[in-house]
Every structure is written in C-alpha cells, then in structure tokens.
Amino acid sequence: MNQVLNISAYRFVVLDDLESLREQIQAQAATRQLKGTVLLAEEGINLFLAGPAEAVRDFIAWLRRDARFAPIEAKESLSPSVPFGKLLVKVKREIIRMNHPAIRPQAERAPAVSAQTLARWLEQGHDDEGREVVTLDTRNAFEVDAGRFRGAIDWRIDKFSDFPAAVLAHRDELRGKTVVSYCTGGIRCEKAALFMADVGVDRVMQLEGGILKYFEETGGAHFDGHCFVFDARREVGNDLQPAASHAAASGAADPV
C-alpha cells in the first residue's frame with residue numbers, strides 16, 4: 001500500500017542567509033522525520049523529500065511561511081516506502097548547475113506552457129499560431145532513455161552543464177519553430193529556456209512543472225516510457241507510481 005508521500009519542488013528566488021536557512025530546514029525536516037535532499041544557493045531552493053503525508057505537507061506549510069517561498073508548488077507522488085536513505089540539506093553554488101552566471105532565473109522567468117496546452121498542441125501538430133512545435137529534452141542521456149516525449153529532440157548530454165554548448169551547436173535547427181523545453185520537474189527547463197532565448201532562439205517556452213506535472217494533469221499523452229527520478233524508485237509511470245526500472249544505473253544525488 002502506498003503510504004509515503006514524495007514531493008519535488010523548487011523556486012528560483014534570491015537567498016542571502018544560506019547557512020541560517022540550511023540549519024532551519026535541517027531541523028524542521030528532521031523533526032518531522034523526513035528524508036531526501038534539499039539544495040540551497042543564492043539563486044533559490046530545490047528539494048526532494050519523502051515521509052508520512054501529514055508530516056510532508058506540514059513541512060511545506062512551514063516553509064511557505066517565509067514570504068520568499070510562499071508561491072512554491074510541490075509535485076506529489078506516492079510510494080510504498082521512503083525512497084531516500086537519509087536527509088541531506090546542502091548549500092551549493094547553483095541549485096541546478098549550468099555554469100552560466102548571466103542566466104538568472106531568480107530575476108526573470110521564461111514564458112511557460114501548461115501541461116494541458118502542450119498536450120493539445122501535440123495532438124493537433126502545431127501551436128495556436130500554426131507553428132511547428134518541437135519538444136526539447138534538457139535531461140541527461142540516461143534519463144531520456146527511460147522515457148521521453150514522442151519525437152523529442154535529444155542531444156545526448158551527460159550533464160546539464162553541457163546543455164549550453166549543445167544549444168550553440170544546434171540552434172539553427174530550432175529556427176522558425178516553437179520550442180518547448182522540458183525536464184523532470186521544471187527546474188532545468190526553466191534555465192534552459194532562458195539560455196536559448198539569450199542566444200537567439202526566437203520562440204522558446206518551458207513546460208510548466210516538467211514531466212511530473214504533465215503526468216499529473218494529462219495522464220502522459222504523447223509521452224513514451226517512464227520518467228526517471230533521482231531516488232530509489234528510479235522511474236515512475238504516467239500514473240506517478242513506481243515503475244520497474246530499466247534506466248542505466250547512476251549514483252547521482254541530484255540532476256547535474
């Protein structure tokens with residue numbers, strides 16, 4: 001029986017009290033016996049936590065009392081056991097490493113498309129202006145191998161910091177199209193969309209909430225396979241339940 005609530009959430013926002021915040025989050029999550037990973041950086045917060053549903057939701061309610069995190073939205077899924085071995089709260093240079101400090105999602109946000117709208121565009125074969133729509137996977141190659149949008153562009157990157165070079169090598173292929181960048185929960189495609197716009201890709205959007213939100217709201221239409229997740233479940237299906245894993249083994253704690 002699935003009794004454990006798993007959440008994935010992030011927010012790009014300016015943080016200047018990282019060590020104090022780390023200590024507070026560590027204490028609040030530990031008190032509630034939650035396990036998982038919380039990443040903090042000057043650009044924001046990224047978290048993956050699991051535990052009893054009441055405890056997880058109580059933690060999010062506590063976090064939202066800080067005005068900087070009030071808008072944070074969590075993607076939820078259930079599992080029969082906690083898929084993390086321990087609780088880690090870490091301060092890093094970036095909550096998702098791109099190595100391009102000029103890209104500042106805490107200061108601006110790329111246009112986003114909702115799950116329902118993307119599903120409709122994929123069904124009709126074009127966006128509402130009649131432009132060809134292409135989905136661009138911003139994840140690592142082994143994640144893509146678990147599942148992806150049908151016909152998605154996949155540049156076979158090994159880590160997210162390789163993405164900017166891949167864009168520069170392929171951007172001419174994207175001209176004249178509506179490009180929808182996507183990832184697991186939204187954090188990578190948010191930075192990816194900003195970078196592509198910055199280097200001249202003329203119409204680029206991010207998928208709001210990533211694959212997990214897309215599964216939740218559409219049931220996974222036009223998506224083949226499973227979604228790789230960075231915990232012991234390894235993959236979840238379009239019903240957000242743990243799926244048998246066929247993904248390549250990876251010891252990564254977060255999607256670098």
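We're numbering straight along the sequence, starting at 1.
Around atom CZ of R131, more than 12 heavy atoms belonging to other residues, nucleotides or ligands sit under 6.0 Å away. Within 6.0 Å of CD in E73 there are 12 or fewer heavy atoms belonging to other residues, nucleotides or ligands.
The closest side-chain heavy-atom distance from L63 to L47 is below 4.5 Å. For the pair L78/L5, a side-chain contact is recorded, criterion being any heavy-atom separation below 4.5 Å from C-beta on. Residues F228 and D145 have side chains not in contact (no heavy-atom distance under 4.5 Å, counting atoms from C-beta outward). Side-chain contact between T31 and Q28 is absent, with no heavy-atom pair separated by less than 4.5 Å. Contact check for R156 versus V144: side-chain heavy atoms found under the 4.5 Å cut-off. Side-chain contact between D231 and F48: absent, with no pair of heavy atoms (C-beta onward) separated by less than 4.5 Å. At least one side-chain heavy atom of V89 sits less than 4.5 Å from a side-chain heavy atom of L40. R68 places none of its side-chain heavy atoms less than 4.5 Å from the side chain of I45.
The hydrophobic cluster containing L39 does not contain V13, counting ILVMFWY residues as joined when their side-chain heavy atoms lie under 4.5 angstrom apart, directly or transitively. Residues L49 and F69 fall within the same hydrophobic cluster, defined by Ile, Leu, Val, Met, Phe, Trp and Tyr side chains chained together at heavy-atom separations under 4.5 Å. The hydrophobic cluster containing I7 does not contain V4, counting ILVMFWY residues as joined when their side-chain heavy atoms lie under 4.5 angstrom apart, directly or transitively. Side-chain heavy atoms closer than 4.5 Å link hydrophobic residues (I, L, V, M, F, W, Y) into clusters, and following such links, possibly through other members, connects L194 to L168. No continuous path of ILVMFWY side-chain contacts below 4.5 Å connects I60 to L88, so the two sit in separate hydrophobic clusters.
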Quiz item: Taking it one step at a time, do R150 and T135 satisfy side-chain contact (heavy atoms from CB on, under 4.5 Å)?
Solution: CA-CA 9 Å; R150 202 166 302 142; T135 52; over 6 Å; no
Exercise. Kindly determine whether S161 and M98 satisfy side-chain contact (heavy atoms from CB on, under 4.5 Å), including the steps that lead there.
Key: CA-CA 4 Å; S161 54; M98 181 183 257; 5.8 Å; no
Practice problem: Could you walk me through whether H126 and E132 pass the side-chain hydrogen bond (donor to acceptor under 3.5 Å, both in side chains) test, one step at a time? | Solution: CA-CA 5 Å; H126 55 79; E132 178 185 355; over 6 Å; no
Quiz prompt | Verdict with supporting geometry, R148 and D224, side-chain contact (heavy atoms from CB on, under 4.5 Å) | solution = CA-CA 6 Å; R148 64 176 179 173; D224 295 328; 5.9 Å; no
Practice problem: Run the numbers on R22 and D17 for salt bridge (charged side-chain N to carboxylate O under 4.0 Å, His left out), then give the verdict. | Solution: CA-CA 9 Å; R22 186 197 67 77; D17 55 343; over 6 Å; no
Exercise. Determine, stepwise, if the pair V199 / R171 fulfils side-chain contact (heavy atoms from CB on, under 4.5 Å).
Key: CA-CA 8 Å; V199 298; R171 62 182 163 183; 3.6 Å; yes
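Between P80 and P242, the closest heavy-atom pair is CD-CG, 4.1 Å.
Side-chain contact check for T178 and R203: at least one donor-acceptor pair (N or O, by modelled atom type) lies under 3.5 Å.
Residues that satisfy the side chain to side chain contact (heavy atoms under 4.5 Å, CB included) test with E42, not counting sequence neighbours, are L18. The side chain to side chain contact (heavy atoms under 4.5 Å, CB included) search around E23 returns E19, not counting sequence neighbours. Shown here are the salt bridge (charged side-chain N to carboxylate O under 4.0 Å, His left out) partners of R57, two or more places apart in sequence or in another chain: E76. Listed by chain and number, the residues in a salt bridge (charged side-chain N to carboxylate O under 4.0 Å, His left out) with K213 are E216, E217 (sequence neighbours excluded).
Of the possible donor and acceptor atoms, none in the side chain of N140 sits under 3.5 Å from a partner among the backbone N and O of F142. In this structure, E43 contributes its side chain and I95 its backbone to a donor-acceptor pair below 3.5 Å. In terms of modelled atom types and a separation under 3.5 Å, the side chain of R64 and the main chain of I72 share a donor-acceptor contact. Between the side chain of Q241 and the backbone N or O of S79, no donor-acceptor pair lies under 3.5 Å.
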Distance-only donor-acceptor pairs under 3.5 Å for side chains of residues 105-112, two or more places apart:
residue	atom	partner	partner atom	Å
R109	NE	E190	OE2	3.2
R109	NH1	E208	OE1	3.3
R109	NH2	E208	OE2	2.9

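Annotation: the span from K35 atom NZ to F84 atom CZ amounts to 11.0 Å, rounded to 0.5 Å. Rounding to the nearest 0.5 Å gives a distance of 7.0 Å between CG of D66 and CG of L21. The line from CD of E143 to CD1 of I157 is 8.5 Å long, rounded to the nearest 0.5 Å. Going from atom CZ of R11 over to atom CD1 of I187 covers 12.5 Å, rounded to the nearest 0.5 Å. Atom CG in L136 sits 12.5 Å away from atom CD in Q206 (nearest 0.5 Å).
Ring pair F163/W155 is tilted by interplanar angle, where 30° to 60° counts as tilted. Under the 30°/60° scheme for interplanar angles, the aromatic rings of F12 and Y10 are found to stand perpendicular.
In the hydrophobic clustering, Y182 connects to V113, L118, W121, L122, V133, F149, V180, M205, L207, I211, L212, Y214, F215, F223, V229, V236, L240, either directly or through intervening members, whenever side-chain heavy atoms lie under 4.5 Å apart.
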